[in-house]
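Numbers here simply count residues along the sequence, with the first being 1. All figures in this text were calculated on a predicted structure; none of them were measured in a lab. Only heavy atoms go into these numbers, but all of them, side chains included; no hydrogens, no water, no symmetry mates.
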Amino acid sequence: MTTPGPARRTRAVTPDPVRPARAAGGFPRPTPAELAAATDRTIPDVLAPGLAVLFVGINPGLWSAATGWHFARPGNRFWPALHGAGFTPRLLHPSEQDELPALGLGITNMVARASARADELSTEELLDGAAILTDKVARYRPRWVAVVGVTAYRIGFRRPKATFGPQPEALGDARLWVLPNPSGLNAHFTPLTLGLAFAELRAVAI
């Protein structure tokens with residue numbers, strides 16, 4: 001007959017409340033409070049003089065405003081489309097955005113303030129943003145300006161019939177191109193067709 005030893009205690013494993021959740025790539029996922037606090041925040045442009053292409057987003061989303069990285073929300077297809085089109089030699093994480101100017105690329109936005117959705121922007125904000133963008137292009141002199149979102153372009157530049165692709169008008173000395181919005185909410189474009197749209201621009205711009 002054996003005498004039972006002391007009962008083994010087990011410790012319940014609970015998530016560490018201090019450790020933030022991780023987004024794809026191992027970076028901390030902004031908390032709901034951090035995202036809410038990012039409303040109306042601005043983030044720096046990725047700019048340098050004489051770029052081959054300056055990509056122009058509509059405005060920063062809350063993920064971008066919380067992290068400081070353009071097109072940062074998981075599911076946004078900007079970075080995969082950039083790589084798939086051959087603009088970048090590998091798929092960059094949004095945190096690597098400062099590598100773009102060495103490749104002749106940059107990022108800015110039509111409207112600087114962050115919001116949860118682009119449709120929260122007013123017509124006046126888009127018109128003012130187009131004027132600010134025009135001044136920015138005159139200062140930095142990129143060869144091409146690619147607006148990522150046809151609706152924002154139509155409103156901001158008063159071109160209601162504009163379509164995707166090269167535009168007949170210029171922006172200062174820069175040629176204009178309109179690309180689809182790479183947001184995952186844009187169901188009109190698949191990752192494949194979005195990449196092809198970016199590749200059409202690269203064929204003439206790089």
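Residues Thr67 and Pro30 have side chains in contact (heavy-atom distance under 4.5 Å, counting atoms from C-beta outward). Between Val111 and Ile58 there is no side-chain heavy-atom pair separated by less than 4.5 Å. With a 4.5 Å cut-off on side-chain heavy atoms, Leu62 and Arg73 do not count as touching. Val53 is not listed as a side-chain neighbour of Pro142, based on a closest heavy-atom distance of 4.5 Å or more. Side-chain contact between Arg141 and Asp173 is present, with heavy atoms from C-beta onward closer than 4.5 Å.
Partner of Phe55 under the side-chain contact (heavy atoms from CB on, under 4.5 Å) criterion, out of Val147, Asn109, Leu201: Leu201 alone. Partner Ser95 forms a side chain to side chain donor-acceptor pair (under 3.5 Å) with one of His93, Glu99, Gln97 and no other, that one being His93.
Comment: Lys136 engages Asp45 in a salt bridge, judged by a side-chain N to carboxylate O separation of less than 4.0 angstrom. In summary, Arg41 and Glu34 do not engage in a salt bridge, as defined by a charged side-chain N under 4.0 Å from a carboxylate O.
Note: Phe78 and Phe71 have parallel aromatic rings, judged against thresholds of 30 and 60 degrees for the angle between ring planes.
Judged purely by atom type and a 3.5 angstrom limit, His70 uses its side chain to pair as donor or acceptor with the backbone of Pro44. Judged purely by atom type and a 3.5 angstrom limit, Gln167 uses its side chain to pair as donor or acceptor with the backbone of Gly165. Remark: the backbone N or O of Ser183 is paired with a side-chain donor or acceptor of Arg77 at under 3.5 angstrom. At distances below 3.5 Å, not a single donor-acceptor pair connects side-chain atoms of Thr42 with backbone N or O atoms of Ala112. Here the side chain of Thr88 pairs no donor or acceptor atom with the backbone of Leu91 at under 3.5 angstrom.
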side-chain contact (heavy atoms from CB on, under 4.5 Å) evaluation trace for Arg113 with Leu121:
CA-CA 9 Å; Arg113 77 172 184 92; Leu121 303 177; 3.9 Å; yes

Should Leu54 and Leu47 be marked as a side-chain contact (heavy atoms from CB on, under 4.5 Å) after you check the CA-CA gap, both sets of side-chain angles, and the distance that decides it?
CA-CA 8 Å; Leu54 176 60; Leu47 265 177; 3.5 Å; yes

Derivation of the salt bridge (Lys or Arg N to Asp or Glu O under 4.0 Å) call for Glu96 and Arg90
CA-CA 11 Å; Glu96 299 176 289; Arg90 61 182 176 85; 2.7 Å; yes

Trp144 vs Val204, test: side-chain contact (heavy atoms from CB on, under 4.5 Å). Steps then yes/no.
CA-CA 10 Å; Trp144 284 88; Val204 299; 3.9 Å; yes

Check step by step if side-chain contact (heavy atoms from CB on, under 4.5 Å) holds for Phe157 and Met110.
CA-CA 10 Å; Phe157 286 93; Met110 285 274 288; 3.9 Å; yes

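The local environment of CG in Asp119 is crowded, with over 12 non-hydrogen atoms from other residues, nucleotides or ligands closer than 6.0 Å.
The minimum heavy-atom distance between Val145 and Val137, with the atom names listed, is CG2-CG2, 3.7 Å. Contact between Leu126 and Ile155 at its shortest, heavy atoms only, is CD1-CG2, 3.7 Å. Of all heavy-atom pairs between Ala162 and Val150, the closest is O-CG2, 3.6 Å. Between Gly156 and Leu127, the shortest heavy-atom distance links the atoms O-CD2, 3.5 Å. Listed here is the closest heavy atom pair of Leu103 and Pro89: CD1-CD, 4.0 Å. The two residues Ala85 and Gly195 make their nearest non-hydrogen contact at CB-O, 3.9 Å.
Transitive grouping of hydrophobic side chains (ILVMFWY, heavy atoms separated by less than 4.5 Å) keeps Leu192 and Trp79 in distinct clusters. Cluster membership check: Ile132 does not share its hydrophobic cluster with Tyr140, using side-chain heavy-atom separations under 4.5 Å among Ile, Leu, Val, Met, Phe, Trp and Tyr.
Ser115 and Asp40 share no side-chain donor-acceptor pair at under 3.5 Å.
Interatomic distance, OG of Ser64 versus CG of Asn76, reported as 7.5 Å (0.5 Å rounding). Here the straight-line distance linking atom CZ of Arg154 with atom NZ of Lys161 works out to 11.5 Å at 0.5 Å rounding. Here the straight-line distance linking atom CD1 of Ile107 with atom CG of Leu82 works out to 7.5 Å at 0.5 Å rounding. One finds the CZ atom of Arg202 at 9.5 Å from the CG atom of Leu105 (value rounded to the nearest 0.5 Å). Rounded to the nearest 0.5 angstrom, Leu133 CG and Asp128 CG are separated by 12.5 Å. Expressed to the nearest 0.5 Å, how far CH2 of Trp69 lies from CD1 of Ile43 amounts to 11.0 Å.
If you look at Phe189 and Phe164, their ring centroids are closer than 6.0 Å.
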